[in-house]
Amino acid sequence: MSADASALFQPFTLGDLTLPNRLVMAPLTRNRAAEGDVARDITATYYAQRASAGLLISEGSQISHQGQGYLRTPGIYTPEQVAHWRKVTDAVHKAGGRIFIQLWHVGRVSHTSLQPGGGAPVGPSPLRAQTKTFLEEGFAEVSEPRALELSEIPGILRDYEHAARNAKEAGFDGVEIHAANGYLLDQFMKDGSNHRKDAYGGSVENRARLTIEAAEAVLKVWDKGRVGIRLSPAKVNDAADSDPQALFSYVVEKLDALGLGYIHMIEGATQGDRNAVNVDYDGLRRSFKGAYIANNGYSRDMAAEAVASGRADLVAFGRFFLANPDLVERFRLNAPLNEPDRATFYGGGTEGYTDYPGLEKAA
Ligand code: 8OZ
């Protein structure tokens with residue numbers, strides 16, 4: 001017998017939005033954008049199929065050409081990208097859903113072939129990430145980055161603001177700032193990847209500065225209830241911090257002072273061990289007055305327990321939503337789930353994207 005999961009189907013008030021249930025679709029990179037890094041029509045279908053989620057969070061979408069690190073990820077910095085995203089948000093709204101866009105700058109996790117003018121990717125320090133990216137030829141080592149000049153930082157903040165404005169024009173319901181998983185903002189926050197000696201390096205306050213300023217840039221455009229942020233205190237690749245508890249206690253306190261709508265917490269190692277690093281997530285949650293979205297390896301019953309006990313307001317699911325467009329209904333019925341097909345996660349077309357069957361078809 002499974003646990004009572006009724007807590008997952010109670011509505012939740014996020015700022016001025018009413019979410020019909022506690023299930024969030026996590027941001028998922030799918031590498032299916034068309035020429036110009038615009039969302040395709042199949043992407044509108046894909047998100048609309050999943051519109052019964054309490055909230056959809058889009059795949060990471062680069063805020064600038066420089067912010068791109070993988071082939072065929074969508075952008076949110078050109079008029080064409082805005083126009084194509086508009087088709088996605090219209091389809092989701094028509095299907096009764098709500099969708100936030102995830103604003104992404106990869107920082108050093110990129111390749112010269114994806115960068116403007118074939119230049120080096122940028123990061124806090126000239127330290128190469130121990131990770132791979134995805135190019136036309138398949139997986140490849142990321143390129144050696146160069147350290148951002150202090151004088152370049154205002155331009156990056158303008159890119160966040162510009163992308164946030166575009167997101168509004170594209171019809172999104174809000175934005176999520178990607179400050180997790182070893183990308184630009186996470187690289188600045190963690191002392192393993194940030195060796196700077198200026199106002200953006202050294203102390204916790206300095207390392208957190210870019211993340212807080214990016215949030216402030218987005219808040220020039222959006223009401224605070226419509227802005228969330230994704231964090232991953234645990235080690236991801238080599239963007240690790242020597243004291244994640246101290247770092248993220250400070251970061252969450254500052255985000256709380258800004259009044260953001262939610263923090264979206266990857267508990268433990270991304271796509272890995274939930275207990276990878278000893279971080280007091282409950283403590284971080286308690287120091288934040290907005291909503292708490294829990295993520296990473298939750299089952300239906302774990303999610304129900306987390307929401308019923310008040311440990312989380314919402315729970316985000318990646319692979320379950322990827323493979324089950326009607327995940328909400330399946331959880332309600334405690335029905336079996338489709339298995340995600342790893343071979344079609346990154347790149348391709350409709351296969352493994354819009355062709356996962358709903359319950360009645362599967363039956
Ligand atoms: C998988 C492949 C490429 C990018 C993340 C945006 O980890 C990603 C990502 C995941 O946040």
Side-chain angles (χ1 to χ4, degrees), residues 24-33 37 39 43 46-47 56-64 66-76 99-111 113-115 121 123 129-143 160 163 175-190 193 211 214 228-240 263-274 276-277 293-297 316-323 340-348 352-353:
V24 174
M25 179 174 167
L28 294 167
T29 289
R30 305 303 308 272
N31 309 82
R32 281 163 167 84
D37 297 318
T43 298
Y46 163 75
Y47 285 112
L56 301 169
I57 303 169
S58 84
E59 62 212 276
S61 304
Q62 57 269 10
I63 61 166
S64 61
Q66 184 195 68
Q68 181 170 11
Y70 303 79
L71 192 71
R72 281 193 276 280
T73 55
I76 182 70
I99 183 167
F100 279 30
I101 186 170
Q102 197 193 47
L103 301 181
W104 192 21
H105 190 308
V106 297
R108 66 178 182 168
V109 181
S110 187
H111 191 270
S113 66
L114 294 169
Q115 288 291 303
Q130 304 301 307
T131 187
K132 288 194 161 44
T133 181
F134 175 81
L135 305 173
E136 200 70 68
E137 315 79 74
F139 288 95
E141 295 294 332
V142 298
S143 303
Y160 274 100
V175 301
E176 174 174 292
I177 298 164
H178 194 345
N181 296 347
Y183 298 112
L184 183 71
L185 300 176
D186 201 30
Q187 289 158 31
F188 268 81
M189 285 192 281
K190 291 175 177 167
S193 43
T211 297
I229 190 163
R230 197 169 200 217
L231 302 171
S232 60
K235 174 175 160 51
V236 180
N237 299 317
D238 53 351
I263 49 175
H264 181 179
M265 192 67 76
I266 302 174
E267 298 166 347
T270 304
Q271 295 187 30
D273 180 6
R274 286 183 45 77
V277 168
I293 307 183
N295 174 242
N296 207 19
F317 299 89
R319 280 163 282 181
F320 284 170
F321 259 115
L322 184 155
D341 170 21
R342 217 160 239 297
T344 52
F345 279 5
Y346 309 117
Y353 195 50

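Positions are given from 1 along the sequence. We count ligands from 1, going down the list as the structure has it; atoms in each ligand are counted the same way. Bear in mind the structure is a predicted one, so any value in this text is a computation, not a measurement.
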Taking atom types as modelled, is there a side-chain donor on [X] or [Y] under 3.5 Å from an acceptor on the other?
| X | Y | value |
| --- | --- | --- |
| Thr43 | Tyr353 | yes |
| Ser61 | Gln102 | no |
| His264 | Glu176 | yes |

Give the atom numbers and elements of ligand 1 that come within less than 4.0 Å of a heavy atom of Trp104. 6 (C)
Looking at ligand 1, does any of its N/O atoms fall within less than 3.5 Å of an N/O of Asn181? yes
I need the contact type for His178 against ligand 1. Using non-hydrogen atoms and a strict under-4.0 Å cut-off, is it side chain, backbone, both or neither? side chain
Taking 4.0 Å as the limit for heavy-atom contacts, which would you say applies to Tyr346 with ligand 1: side chain only, backbone only, both, or neither? side chain
Is any side-chain N of the basic residue among Arg30 and Glu59 closer than 4.0 Å to the acidic one's carboxylate O? no
Closest non-hydrogen protein atom to atom 6 (C) of ligand 1, residue and atom name please, with distance? Thr29 OG1, 3.2 Å
Nearest protein heavy atom with distance in Å, relative to atom 8 (C) of ligand 1: Tyr183 OH, 3.5 Å
Is the ring pair Phe134/Tyr346 parallel, tilted or perpendicular, if the boundaries are 30 and 60 degrees? tilted
